Peer 1: 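Below you'll find the structure I mean.
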Amino acid sequence: MSGGLQDRMAAATRDKRVIGAIRLATWRKVEKRETALASLPHADDLRARAAQIRRHTIEHLPRYLGQFAERVAAAGGHVHFAANAAVACQIITKLAAARTLRLAVKSKSMTSEEIHLNAALEAQGVQVVETDLGEFIVQIDRDRPSHIITPIIHKDRKQVAEAMVRELGCEYSEDPQVLSMIARHHLRDIFRRCDLGISGVNFGIAESGTLCLITNEGNGRLTTTRPRVHVALMGIEKVIPRLTDLPVFLKLISRASGGQAMSVYTTLITGPRKPSDRDGPEELHVVIMDNGRSGILNGPAAEVLNCIRCGACLNACPVYRNTGGHAYDSVYPGPIGALITPLLFGPAHAELPRASSLCGACKVACPVNIDIPALLVRLRHLSRGQQPWSKRLLMQLWSRAMSSPTLYRWGQYLLRGIVADDGTGWATRGPGPLGAWTTQRDLLRPAARSFRERWREELRDDA
Amino acid sequence: MNVALFVTCLTDTFFPRAGEAVVRVLRHYGCQVSFPAAQTCCGQPAYNSGFHNEARRLAAHLVDVFTAHPCDCIVTPSASCAAMVQHHGPELLAGDPHRAAAAQAVAGRTFEFGRFLRERLQVDIAAALQWREPVTFHYPCHARDSYSPAELQAWLTPPLCGSTNSGAPLRLPLHVDQCCGFGGLFSVDYPEVSGAMLAEKLDGLAATGARLVVCNEAACALQLAGGAHRRGLPLRFQHLAECLAEALGLMEPEA
């Protein structure tokens, strides 16, 4: 997408079809989340506990990662460490080449989106098929996911039906059940033929080297059992200490995502197939990826690493709701994306934390109590030098003027003078920076007599 | 009780009637009210934009003004400025050896108007209100630091409403705590997104059928009233203090 963030976001608000679909879907998820959390006993205590576990883990990350890697190996898995996206892609493409794996199935994984794994594999002649239904639609539509949990939140049934007819040659139908069955039939054939399975990891349990995967369609289970090689890609922050910590998150994550008590499938994988197992991969590889995360760990916004990628903050965010995910131009959109994106991918995204009204709906929604608005302000502070010089100058002049009671009063008079008086008490075009403001709404004219004037002239003495 | 007003720059400039109502209501409940004239702005626009040196200058000025002005409590009609003074002022001035303690003291004495009536004066706001017409309300996001939507709702629901009405006149909008889209400089930097949020919010308020919107925040009121005026929606915005002052006979109903 071209243009700066402001242009992209402005353009996004005008796409009524997309915004309509997103508003509908996000409000429904918000309501379901509120209901689901309200019916959970001691929800606030649970969130505090989850936050505490995350904080503890992140504070002791090297220790738990080391333990995790050791236990994965002990269970028969192979562990790889990838410093960045290129290394992670290389590890996985080499694995595929060495074993002449040709057809990969993928369970939805934001980490693999982050490193553009599909493109890397396809460049090496490995065909990759997305098996999460939403992600599958994104793939056949040559689109990008616009939500970290609901990749096609921006599409309506009609668009899904059109993509399926075009790519799969099926009969047109807008019935979700019919469409699901067509995709299922198509994907089952892929599952029969695939030899590589790629998944993300929701939680990596340090004490046992267990991978926890959460899906709603069973595609994750098929991806990790059917092919002879399973590669799991996880960010370094995804580890949790103990198996007994897992229920704390399982109780919260699906409720926060969209109001389910539990996801339909929760898969725990410890090591590859054992002789006594009826299915499962011959080889299990876990790629533990840094890709900028250790930089966040030692920085002023380390709290973002507590995120469990439930997507609740996206659904709650009025900016996301009115722009959609693509406007953020990042794999990670929404409030949490506005933090993670500049932290992971650098100063080109420094404007993102400013695209928020700081309303705090994200903070209310976050199941692990990340103070997203406070972190947005912190990142704004750190990137203030990248703001246009005119804005920086204006801020300085404004704060100097406002710290002088005399200049403050003069400013009030001045504002009264420059907000055009058409006799109605309203201005339809504001001066200076207020010009942008009045593209959307009228500006109330400053009162003919300010409070301080009323105070001086009459209120002071009427006690 | 000796109360110093922190009227805030937007209330002072755009909604002086709300400030006047605060004075009259506080006096009605027996407070000695004063207004330190050297006060200006809490610095929130700079703080939220990440310009913390600029915000610190204003926070320091505010702390100096209210430290030099002896009073029991500082009361402000704005929930977001209250939050700024209570939470971010001390944070900004923590490294200032002359003001760190004073900033804490000012923060501890500062109250949002509604919270102050309930907590310090033990006023039953609901009992004092009289509604002549159906009413809805806008819950400002930054009020989360002072009161919940449920608390505001309780304050606005009289046990028995005015004699001309039967039944509760309070009509809640769908998604009570939805943001109006103002967000300080956000509404200047991202006018279209802010405008889309404003439209969504106004649709919700208008759908209640009430024409009077209680809004305890000058910034939200500026945004909402401006949007309503642009669209020709017949919504009026009043601060809780104005509603109370009218109900208590301290101010004439607005023309």
Side-chain angles (χ1 to χ4, degrees), chain A residues 6 9-10 13-14 19 23 27 30 318-319 321-323 354-361 364 377-384 392 395-396 398-400 402-405 408 412 415 426 428 433-434 436-444 446-447 449-456 459-460 463, chain B residues 7 9 11-17 19-20 23 27 32-33 35 37-41 43 45-55 57-58 60-61 141-142 144 175 177-179 181-198 200 222-223 225-227 229-230:
Chain A
Q6 284 160 322
M9 287 206 154
T13 61
R14 289 191 283 271
I19 298 308
R23 276 189 180 177
W27 275 130
V30 166
V319 173
R321 188 179 311 123
N322 284 290
T323 60
R354 295 182 181 274
S356 162
S357 66
L358 301 178
C359 77
V364 174
V377 169
R378 196 168 299 167
L379 292 194
R380 290 177 184 193
H381 174 61
L382 293 172
S383 72
R384 67 197 180 285
R392 281 182 283 157
M395 265 294 161
Q396 282 215 7
W398 174 82
S399 85
R400 277 178 196 281
M402 291 295 260
S403 54
S404 149
Y408 168 87
Q412 251 180 352
L415 191 65
W426 293 90
T428 50
L434 289 173
W437 211 75
T438 45
T439 60
Q440 306 296 317
R441 35 192 132 29
D442 294 334
L443 178 62
L444 186 62
R449 272 196 319 154
S450 66
F451 173 81
R452 63 188 56 231
E453 288 167 299
R454 290 191 191 198
W455 174 267
R456 206 171 45 232
L459 287 171
R460 192 213 300 256
Chain B
V7 166
C9 55
T11 304
D12 181 24
T13 309
F14 292 98
F15 302 102
R17 188 175 189 269
E20 186 173 333
V23 175
R27 283 183 177 153
Q32 295 290 318
V33 182
F35 173 73
Q39 64 179 271
T40 57
C41 163
Y47 178 83
N48 283 351
S49 307
F51 292 93
H52 292 181
N53 290 335
E54 287 79 356
R57 189 202 308 273
L58 294 177
H61 175 71
C141 304
H142 290 102
R144 286 194 183 107
H175 309 306
D177 57 354
Q178 187 186 343
C179 176
F182 178 64
L185 293 193
F186 167 76
S187 57
V188 178
D189 290 339
Y190 294 88
E192 292 86 359
V193 186
S194 168
M197 288 158 68
L198 170 63
E200 210 187 345
L222 201 60
Q223 161 95 342
H229 189 261
R230 172 70 54 96

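The structure displayed is predicted, hence computed values, not measured ones. Here is the naming used below: chain letters follow the sequence lines, and residue numbers restart at 1 for every chain.
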Peer 1: Can you tell me if A/D442 uses its side chain to pair, donor with acceptor, with the backbone of A/T428 under 3.5 Å?
Peer 2: no

Peer 1: What distance do B/T13 atom OG1 and A/Q412 atom CD have between them, rounded to the nearest 0.5 Å?
Peer 2: 3.5 Å

Peer 1: So what's closer than 4.5 Å to chain B heavy atoms on A/S383: side chain, backbone, both or neither?
Peer 2: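 Nothing of A/S383, per the 4.5 Å heavy-atom cut-off to chain B.
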
Peer 1: Please identify, among A/S399, A/S404, A/P405, A/A436, the residue contributing the most non-hydrogen atom pairs under 4.5 Å to chain B.
Peer 2: A/S399

Peer 1: For A/W455 and B/V33, work out which heavy atoms get closest and say how close.
Peer 2: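 That would be CH2-O, 3.5 Å.
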
Peer 1: Run through A/M9, A/Q6, A/Q440 and flag the one making a side-chain contact (heavy atoms from CB on, under 4.5 Å) with B/V193.
Peer 2: A/M9

Peer 1: Is it the side chain or the backbone of A/R400 that comes within 4.5 Å of chain B heavy atoms, both, or neither?
Peer 2: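 Both parts, heavy atoms under 4.5 Å.
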
Peer 1: What part of A/V30 lies closer than 4.5 angstrom to a heavy atom of chain B: side chain, backbone, both or neither?
Peer 2: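 Neither; nothing under 4.5 Å.
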
Peer 1: Of the backbone (N, CA, C, O) and the side chain (C-beta and beyond), which part of A/T13 lies under 4.5 Å from a heavy atom of chain B, both, or neither?
Peer 2: side chain

Peer 1: Pick whichever of B/G19, B/S49, B/C179, B/G227 has the most heavy-atom pairs under 4.5 Å with chain A.
Peer 2: B/S49

Peer 1: In terms of heavy-atom pairs under 4.5 Å, which option from B/G183, B/G43, B/G50 contacts chain A the most?
Peer 2: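 Of the options given, most contacts go to B/G50.
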
Peer 1: Return the orientation label for the A/W426 and B/H229 ring planes: parallel under 30°, perpendicular over 60°, tilted otherwise.
Peer 2: parallel

Peer 1: With sequence neighbours excluded, tell me which residues meet side chain to side chain contact (heavy atoms under 4.5 Å, CB included) with B/C41.
Peer 2: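 For B/C41, the residues satisfying side chain to side chain contact (heavy atoms under 4.5 Å, CB included) (neighbours in sequence not counted) are A/W398, A/M402, B/C9, B/P45, B/L58.
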
Peer 1: Assess A/R23 against A/W27: is NZ or CZ under 6.0 Å from the centre of the six-membered ring, and within 45 degrees of the ring's axis?
Peer 2: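 Ring-cation test returns no.
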
Peer 1: Side chain, backbone, both or neither: which part of A/L415 has an atom under 4.5 Å from a heavy atom of chain B?
Peer 2: side chain

Peer 1: Atom CZ of B/R230 and atom CZ of A/R441: how far apart are they, to the nearest 0.5 Å?
Peer 2: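 Taking CZ in B/R230 and CZ in A/R441, the distance rounds to 9.0 Å.
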
Peer 1: Can you find a heavy atom in the side chain of A/L443 that is under 4.5 Å from one in the side chain of A/W437?
Peer 2: yes

Peer 1: Name the member of B/R144, B/E20, B/H175, B/E54 that forms the most heavy-atom pairs with chain A at distances under 4.5 Å.
Peer 2: B/H175

Peer 1: B/F15 versus chain A, heavy atoms under 4.5 Å apart: side chain, backbone, both or neither?
Peer 2: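 Answer is side chain: those atoms of B/F15 sit under 4.5 Å from chain A.
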
Peer 1: Out of A/S450, A/G360, A/P433, A/A361, which one racks up the most heavy-atom pairs below 4.5 Å with chain B?
Peer 2: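 Highest number of heavy-atom pairs under 4.5 Å: A/S450.
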
Peer 1: So which of B/Y47, B/F35, B/F182 has the biggest tally of heavy-atom pairs under 4.5 Å with chain A?
Peer 2: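 With the most close heavy-atom pairs to chain A, the winner is B/F35.
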
Peer 1: Please state whether the side chain, the backbone, both or neither of B/Q178 comes within less than 4.5 Å of a heavy atom of chain A.
Peer 2: side chain

Peer 1: Under a 4.5 Å heavy-atom cut-off, does chain A meet the side chain of B/H142, its backbone, both or neither?
Peer 2: side chain

Peer 1: Restricting to side chain to side chain contact (heavy atoms under 4.5 Å, CB included), what partner residues turn up for A/R378, sequence neighbours left out?
Peer 2: A/P300, A/L375

Peer 1: Quick one: which of B/M197, B/Q39, B/R57, B/H61 has the most heavy-atom pairs under 4.5 Å with chain A, could you say?
Peer 2: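 Looking at each of B/M197, B/Q39, B/R57, B/H61 in turn, B/R57 comes out on top.
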
Peer 1: Will you find, in the side chains of A/N322 and B/Y190, an N or O donor that is under 3.5 Å from an N or O acceptor?
Peer 2: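 Checked: A/N322/B/Y190 side chains show no N/O donor-acceptor pair below 3.5 Å.
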
Peer 1: Below 4.5 Å from any heavy atom of chain B, which atoms of A/S403 appear? Answer side chain, backbone, both or neither.
Peer 2: both

Peer 1: Under 4.5 Å heavy-atom distance to chain A, tell me which part of B/D177 shows up: side chain, backbone, both or neither.
Peer 2: neither

Peer 1: How far does CG of B/N53 sit from NE2 of A/H381, to the nearest 0.5 angstrom?
Peer 2: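 Interatomic distance, B/N53 CG to A/H381 NE2, rounded to 0.5 Å: 6.5 Å.
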
Peer 1: Taking side chain as everything from C-beta outward and backbone as N, CA, C, O, which of these in B/L222 sits under 4.5 Å from a heavy atom of chain A? Side chain, backbone, both or neither.
Peer 2: both

Peer 1: Using a cut-off of under 4.5 Å on heavy-atom pairs, state which of B/P191, B/A46, B/G195 scores highest against chain A.
Peer 2: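 Heavy-atom pairs under 4.5 Å are most numerous for B/P191.
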
Peer 1: Output the option from A/R452, A/E453, A/R380, A/R449 having the highest count of non-hydrogen pairs under 4.5 Å with chain B.
Peer 2: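 Between A/R452, A/E453, A/R380, A/R449, the count favours A/R452.
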
Peer 1: Go through the atoms of A/R354 and report whether side chain, backbone, both or neither lie under 4.5 Å from a heavy atom of chain B.
Peer 2: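 Contact with chain B is through both the backbone and side chain of A/R354.
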
Peer 1: Checking B/V7 against chain A: side chain, backbone, both or neither under 4.5 Å from a heavy atom?
Peer 2: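 The side chain, not the backbone.
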
Peer 1: Nearest 0.5 angstrom please: B/F51 CZ to A/R392 CZ, how far?
Peer 2: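 If I round to the nearest 0.5 Å, the distance is 7.5 Å.
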
